[in-house]
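Worksheet: one structure, shown below.
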Amino acid sequence: MIYTLKKQKSPILPSAGMYVARVCHSDVVDTEEIASKIQENCTLKRSDVLAVLSELEDVLCNYLKDGRIVRLNHLGRLKLEIEGKPVSSPEEFDPQKHIRAVRLHFIPESRNGRQPLYEGISFKRKEE
């Protein structure tokens, strides 16, 4: 994993003026590329993989929007969370006004206290 160091500029952060590591994402891998790679690794055709991934997207979105946690075996859990502004009383709360954002949370699978997703990552600083 390639990283770079960025200076914290916000004066309100306790780490203002200090440097923190940030990942350098090299590119985006889309559904087509994933389907092609899966086709190389198994007997399914790319079109079959694309059909499954398309259905997976629809099913995942529907479950998540219904407030369910989706567990993908060997990968992890996905769930939607909301961020809201605080109010003085429940009667004062208006979802249109006080819910600021919906965020997707991914929690990697854990086995015996270890998360395989993070195992074997090596770090290299980006050459400037």
Just wondering, do R71 and R77 contact through their side chains at under 4.5 Å, heavy atoms? yes

Do Y118 and P108 have side-chain heavy atoms sitting under 4.5 Å apart? yes

Do F123 and V23 have side chains that approach each other closer than 4.5 Å (heavy atoms only, starting at C-beta)? no

Distance (rounded to the nearest 0.5 Å) between H98 NE2 and K85 NZ: 7.0 Å

Taking side chain as C-beta onward, heavy atoms only, is L78 less than 4.5 Å from H105? no

For the side chain of Q39 and the backbone of R46, is there at least one donor-acceptor N/O pair under 3.5 Å apart? yes

Between Q8 and V20, is a side chain to side chain contact (heavy atoms under 4.5 Å, CB included) present by the stated rule, with each step listed? CA-CA 7 Å; Q8 295 281 46; V20 292; 3.9 Å; yes

Quick check against the 3.5 Å criterion: does S54 have a side-chain atom that pairs as donor or acceptor with the backbone of L50? no

Sequence neighbours excluded - salt bridge (Lys or Arg N to Asp or Glu O under 4.0 Å) pairs with any residue from residues 87-103: E83-R103

Other residues, nucleotides, ligands: >12 heavy atoms within 6.0 Å of F93 CZ: yes

Between CG on residue L80 and CZ on residue R68, distance to nearest 0.5 Å: 13.0 Å

To check you understand the geometry: which heavy-atom pair defines the closest contact between S10 and A16, and what is its length? O-CB, 3.2 Å

Atom NZ of K6 and atom OH of Y19: how far apart are they, to the nearest 0.5 Å? 11.0 Å

Would you find more than 12 non-hydrogen atoms of other residues, nucleotides or ligands less than 6.0 Å from N112 atom CG? no

Applying salt bridge (charged side-chain N to carboxylate O under 4.0 Å, His left out) to E119 and not counting sequence neighbours gives R114

Drop me the distance from S122's OG to I2's CD1, to the nearest 0.5 angstrom. 8.0 Å

Electrostatic pair K79:E81 at N-O distance under 4.0 angstrom: yes

Co-membership, hydrophobic cluster, residues L60 and V102, 4.5 Å side-chain: yes

Spell out, yes or no, whether I34 and V52 are grouped together once hydrophobic residues are joined by side-chain heavy atoms under 4.5 Å, including indirect joins. no

Output for pair (L5 CG, K126 NZ), nearest 0.5 Å, gives 12.0 Å

Check whether V59 and V70 end up in the same hydrophobic cluster, where Ile, Leu, Val, Met, Phe, Trp and Tyr are linked by side-chain heavy atoms less than 4.5 Å apart. yes

Distance, nearest 0.5 Å, that separates CD1 of I38 from CD of E33: 11.5 Å

Keeping N62 on the side-chain end and D58 on the backbone end, is there a donor-acceptor pair under 3.5 Å? yes

I82 with Y63, same ILVMFWY side-chain cluster at under 4.5 Å: yes

Looking at every heavy atom in both F106 and L75, which two are closest together, and how far apart are they? CZ-O, 3.4 Å

Any chain of hydrophobic side-chain contacts (each under 4.5 Å) joining M18 to Y3? no

